[in-house]
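Reviewing the structure listed below.
Reminder, nothing fancy here: chain letters follow the sequence lines and each chain counts from 1.
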Amino acid sequence: MTTTGEERERGFDHTAIEPHWQAAWEDADVFRIDDGAEDPEYVLAMFPYTSGSLHMGHVRNYTITDAFARFERMRGENVLHPMGWDSFGLPAENAAEERDTNPRDWTMQCIDSMREQLTEMGFGYDWEREIATCEPEYYQWNQWLFKRFREEGLVERQGAELNWCPSCETVLADEQVEEGEAPEVPHGDGGAVEVCWRCDTPIEHREMDQWFFTITDYAEELLGALDDLDGWPNNVREMQRNWIGKQEGASVAFEIPGYDEVDIFTTRLDTIYGATYFSLAPGHPVAQAIAEDNDEVAEYIEMAEQADEDDLDVTSGVFTGEYAVNPATGEEIPVYVADYVLTDVGTGALYAVPAHDDRDHEFAEAHDIDIVQVVEPTEDADADPDDIDVQEAAYTEDGVLVNSGEYDGLHSEDARETFVEVFDGEHRTEYNLRDWGISRQRYWGTPIPMIHCDDCGYVEVPDEDLPVELPEFVHTTGNPLDAAEEWKHVDCPDCGGDAVRETDTMDTFVDSSWYFLRYTSPDFEDAPFDTDRASDWMPVDQYVGGIEHAVMHLLYARFFTKVLDDGDLLEGVREPFTNLTNQGMVLGEDGHKMSKSRGNGVSPQRIIEEYGADTARLFIMEAAQPEKELAWSAEEVQSAHSFLQNVYRLADDYAAGAVATDEADDIADYVAREIDATAARATEEYEGFRFNHALQAVRELVSLLRRYEDATTPDADVLERGITTAAKLLAPVAPHVGEEIWERLGHDGLMAEAEWPRAEAPADYAVARRLVENTREDVRDIVDTVGIENPETITLAVAPEWKHRVVDIAREADNVVPAVMQNEELQQYGEAAADFAKDLAGRAQYDETLSPAGERAALERAAWLVEREFDAEVIVLSAEEADESLAKKAEPGRPAIDIES
RNA sequence: GCGAGGGUAGCCAAGCCAGGAAACGGCGGCGGACUCAAGAUCCGCUCCCGUAGGGGUCCAAGGGUUCAAAUCCCUUCCCUCGCACCA
């Protein structure tokens with residue numbers, strides 16, 4: 001049992017109120033945003049893949065955006081908070097196979113079910129903007145955009161060696177390949193292998209013709225603009241920088257007599273005089289050419305291509321018998337084919353400098369190759385040139401050149417510049433980023449709008465024939481599009497002859513690269529989106545989603561945005577997402593990632609049934625800041641639930657007239673100030689995405705209100721304002737309970753549309769609070785230390801005006817005691833002033849304090865708390881009223897305390 | 001190896017950017033109120049010593065700057081994540 005009968009009777013019943021208010025929001029169109037709205041706050045969660053059920057990660061993600069959207073809406077902002085479905089993709093095909101249905105029906109069922117679950121969570125979306133990427137109304141624009149990209153020269157068809165997953169029977173992008181555990185291979189030393197990100201099957205490599213978006217054309221801007229994305233987490237920016245992987249260097253041609261000139265790429269052209277051998281990647285054309293006449297080389301290449309990457313030693317390689325001419329020294333250096341040289345890095349060929357590169361050094365030692373030092377530390381470097389022995393270890397720092405002919409003494413940096421000219425090379429920038437292969441040999445995706453004609457080659461499907469819709473799904477082992485004979489055979493749009501459609505579909509990351517633009521005009525028929533509105537509403541102000549999309553999705557979306565902006569489909573939108581938050585993982589109660597195998601998963605559905613959506617939302621938001629990981633905790637869920645019931649009961653009792661009320665007094669002032677301070681604090685925390693702090697402030701306020709109601713005869717206006725404020729501050733996170741309270745208190749309309757509380761802390765709030773808290777602590781301290789059993793009277797006396805003046809002087813003066821004693825007005829206090837000045841002189845700092853009257857007022861407002869705690873009378877006195885012996889102990893910020901029992 | 005982010009009381013975790021109170025909050029533990037009792041709720045305490053608000057030692061370790069350091073700087077150790085035979 002989670003709720004007692006009594007609680008249910010007096011509290012709210014989530015199974016009744018949640019559907020009720022969900023319907024009320026729907027009826028009132030609360031979350032709808034008008035097309036004419038000007039530059040709304042765009043709050044977006046990464047749309048879900050249509051797996052059919054929400055998991056806790058989704059719930060957390062969408063609770064964050066929903067709470068923020070509701071907060072902004074209550075503050076009077078226009079808010080765009082849409083939802084849609086990332087609904088193309090392989091799993092739907094698998095599910096269709098398993099269940100003897102088709103991907104479309106399966107996906108549509110999943111969407112219906114997930115939409116219902118989102119609604120049950122109380123998430124407020126503008127459902128009129130709902131999109132599903134698997135609908136022709138959406139994916140036709142993928143096709144249209146593909147053609148526009150092609151016009152811009154951003155589409156290429158290239159043969160490429162691609163990652164092939166034998167289990168999914170599909171091509172994978174590099175980003176979809178992960179390092180995984182090697183399966184049970186007898187001789188395996190546990191080395192990592194490349195596996196499919198979805199099914200963990202080790203991947204193979206195949207050479208195929210593919211469609212590519214040439215994202216590398218934008219590499220430089222994608223990289224550079226990261227610096228200005230201040231609203232993004234550093235780690236995501238860093239991951240993108242790594243992925244783009246810019247390297248600046250130079251390329252220089254080496255001659256290998258009998259073969260072509262070979263271009264190398266290097267970032268250390270300054271070390272060229274130290275090049276003592278030359279290395280080719282096994283996949284390099286010249287290596288292949290040499291292999292034709294050299295069995296040993298052929299064998300090595302064969303072996304290297306078969307081997308898993310990490311099986312081969314760093315020093316593995318084979319001497320080709322050929323020599324390259326070092327253009328710097330004119331010497332012939334041996335040419336090796338070595339696996340550590342990667343075909344797709346740089347030019348796939350390099351000159352090796354064992355003296356100044358760790359890998360080259362290791363290789364040279366293993367193959368007994370000369371090591372020649374050509375750089376030594378500069379005079380002001382940390383290292384002493386005499387300590388450097390490149391025979392032992394490579395010296396990889398920059399320095400000054402030696403053994404480099406006429407260039408000795410040149411600094412590395414200058415040498416790199418000079419040598420580009422001298423050796424007829426060129427400056428070159430290399431990127432790790434590859435072009436984006438979008439072809440997938442699958443059914444459930446966007447058909448690529450191309451037709452292949454034997455005479456005309458590849459021809460675009462004319463715009464008027466778009467969309468190219470998917471044919472009926474057929475169960476087949478290969479690609480169903482290949483089997484759709486009728487669909488596949490068409491007339492060539494150019495010559496009218498027999499032709500066939502492209503049977504590849506697009507990577508689903510194409511869908512998600514612009515969906516945030518479609519939300520701005522989901523029914524627009526002339527283009528993917530309305531340029532004016534999208535340009536006004538973009539960029540997304542708050543984008544929230546998982547870290548797993550740090551590179552692929554976010555980089556592709558940035559790429560699309562830039563291309564669209566350059567193509568004038570957008571105006572002045574260079575980046576899609578201003579602020580990005582990656583929500584942390586939801587862990588099971590055992591602190592481990594929720595998983596079926598561990599059996600530590602918690603189903604959102606069950607929590608909604610048992611405790612209600614508000615409880616789930618509140619727990620999630622209180623447990624940790626959005627970007628931190630969060631461990632499930634049954635106790636804390638329970639605690640969130642009871643808290644909501646308590647707040648509701650507080651409101652209910654008041655509304656039912658069960659609370660006796662009285663006129664305003666000091667206590668009411670105290671409570672009123674706390675209400676204002678809480679609103680101010682909570683607002684600031686909401687703005688900063690620190691929802692847990694905001695909610696903590698609300699809990700404190702509710703606790704105070706309950707004491708106020710319990711221990712005193714409260715002022716009706718103040719109590720009601722307190723309850724309303726607490727409920728409103730809670731409403732973004734627990735919206736159903738918020739509405740229920742709003743209604744109980746007799747308000748018309750919806751709290752979702754009500755005004756956010758005014759948020760200004762009272763003047764001197766922090767100082768007054770500190771005074772009160774310190775004083776309360778001191779009283780406790782005394783009672784406890786002295787062991788007073790039953791205090792009867794607690795007398796507090798604030799410091800006199802003149803002591804405040806002493807502090808003021810002390811604050812300014814270098815020499816406190818003389819400064820004070822020179823003050824004529826203070827001289828009348830004689831010894832006392834001198835003593836106090838001496839005390840102060842020993843202190844490093846003076847806290848801000850209230851005036852004597854301010855201190856007295858603050859203590860009087862808070863006296864009820866002390867009375868309640870100690871069950872004793874509390875008397876607050878000015879210095880003049882107090883007994884001389886007591887008053888003299890008071891200091892500004894620290895009243896004198898006398899306790900009688 | 002390179003890069004990013006961390007190491008705060010029994011545990012989780014704020015504070016650090018903008019230096020100024022043994023350091024928010026939660027969990028756990030202890031004591032008290034309410035109750036026949038339990039639960040729920042509420043009020044305290046929870047680094048050490050202390051019979052009037054005091055003293056001592058503290059924020060991974062060590063050093064430095066400062067009147068003053070969890071906060072700024074340097075060094076070392078450890079953790080987490082990302083990238084990586086990258087020429």
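Out of B:rC85, B:rG26, B:rA14, the shortest distance to the side chain of A:His693 is found at B:rA14. Distances from the side chain of A:Met239 to the nucleotides B:rG44, B:rG82, B:rU41 place B:rG82 closest. Of the candidates B:rC45, B:rG25, B:rC85, B:rC85 carries the atom nearest the A:Asp339 side chain, counting heavy atoms from C-beta on.
Here, B:rG15 and B:rG7 have their P atoms 10 Å apart, quoted to the whole Å. Using atom C1' as the reference point in both B:rA61 and B:rC12, the two lie 24 Å apart (nearest Å). Using C1' as the reference atom, B:rC67 and B:rG53 are 26 Å apart when rounded to the nearest Å. Taking the C1' atom of each, B:rC43 and B:rC59 are spaced 29 Å apart, rounded to whole Å. For the C1' atom pair drawn from B:rA14 and B:rU66, the interatomic distance equals 26 Å after rounding to whole Å. For the C1' atom pair drawn from B:rG31 and B:rU65, the interatomic distance equals 45 Å after rounding to whole Å. B:rA84 sits 15 Å from B:rA4 when the C1' atoms are compared, rounded to a whole Å. Distance noted for atom C1' between B:rA18 and B:rA13: 23 Å (whole Å).
For the OP1/OP2 pair of B:rG44 and a distance below 4.0 Å, the side-chain nitrogens and oxygens of A:Arg776 include at least one atom meeting the criterion. Phosphate contact (OP1/OP2 of B:rG5, side-chain N/O of A:Asn234, threshold under 4.0 Å): present. A close approach under 4.0 Å does not occur between any side-chain nitrogen or oxygen of A:Ser279 and OP1 or OP2 of B:rC85. Taking only side-chain nitrogens and oxygens, A:Arg706 comes nearer than 4.0 Å to OP1 or OP2 of B:rC42. Taking side-chain N and O atoms only, A:Lys628 has no distance below 4.0 Å to OP1 or OP2 of B:rC12.
Remark: C1' of B:rG32 and CZ of A:Arg780 are 13 Å apart, rounded to the nearest angstrom. In this structure, A:Arg237 places its CZ atom 18 Å from P of B:rC83, rounding to the nearest Å. Between the NE2 atom of A:His356 and the C1' atom of B:rG1 there is a distance of 19 Å, rounded to whole Å. Taking atom CD of residue A:Glu238 and atom P of nucleotide B:rA84, one finds them 13 Å apart after rounding to whole Å. Regarding A:Leu644, its CG atom lies at a distance of 16 Å from the C1' atom of B:rA40, rounded to whole Å. In this entry the distance linking CD of A:Glu622 with C1' of B:rC24 reads 15 Å, nearest Å. Atom CG of A:Asn692 and atom P of B:rC27 are 14 Å apart (whole Å). Rounded to whole angstrom, the span from the CD atom of A:Gln638 across to the C1' atom of B:rU41 amounts to 13 Å.
Across the interface with RNA chain B, nearest-nucleotide mapping of A:Gln625 and A:Tyr351 shows A:Gln625 to be the residue nearer the 5′ end. Residues A:Gln696 and A:Asp710 each lie close to RNA chain B; by heavy-atom proximity, the contact nearer the 5' end of the strand is made by A:Gln696.
Proximity of A:Asn790 to A:Phe870: side-chain heavy atoms (C-beta onward) are nowhere separated by under 4.5 Å. For the pair A:Arg268/A:Arg416, a side-chain contact is recorded, criterion being any heavy-atom separation below 4.5 Å from C-beta on. Between A:Met552 and A:Trp243, every side-chain heavy-atom pair lies at or beyond the 4.5 Å cut-off.
With both pairing distances under 3.5 Å, B:rC67 is matched to B:rG20 as a Watson-Crick or G-U wobble pair. Base-pair partner of B:rG53: not found among the strands shown (Watson-Crick or G-U wobble, both distances under 3.5 Å). With a 3.5 Å ceiling on both atom-pair distances, the Watson-Crick or G-U wobble partner of B:rU41 is B:rA33. Look at B:rC11: its Watson-Crick or wobble partner, with both distances under 3.5 angstrom, is B:rG26. With a 3.5 Å ceiling on both atom-pair distances, the Watson-Crick or G-U wobble partner of B:rG1 is B:rC83.
A:His361 places no side-chain N or O within 3.5 Å of a backbone atom of A:His356 that could act as its donor or acceptor partner. At least one donor-acceptor pair closer than 3.5 Å links the side chain of A:Asn326 to the backbone N or O of A:Ile272.
No engagement by A:Arg241 is indicated, since no non-hydrogen atom pair under 4.0 Å with the nucleic acid exists. No contact: A:Ser633 has no heavy atom under 4.0 Å from any strand. Within the nucleic acid shown, A:Arg690 has no heavy atom closer than 4.0 Å to any nucleic acid atom. At a threshold of 4.0 angstrom between heavy atoms, the contacts of A:Val341 include nucleobase atoms, whether or not backbone atoms are also involved.
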Please lay out, stage by stage, how A:Glu884 and A:Lys889 fare under the test salt bridge (charged side-chain N to carboxylate O under 4.0 Å, His left out).
CA-CA 9 Å; A:Glu884 168 69 24; A:Lys889 288 196 281 190; over 6 Å; no

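Annotation: A:Phe12 is in aromatic contact with A:Tyr648 [ring centroid separation under 6.0 Å]. In this structure, A:Phe363 has its ring center under 6.0 Å from that of A:Tyr336.
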Contact string for nucleotides 47-59 of chain B, one letter per nucleotide 5' to 3', B = base within protein heavy-atom range under 4.0 Å, S = sugar-phosphate only, - = neither, reads ---BSBBS-----

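Taking the six-membered ring where tryptophan is involved, the planes of A:Phe278 and A:Phe254 are tilted, since the angle between them lies from 30° to 60°.
Checked for salt-bridge contact, A:Arg241 and A:Glu238 meet the test: a charged N lies under 4.0 Å from a carboxylate O.
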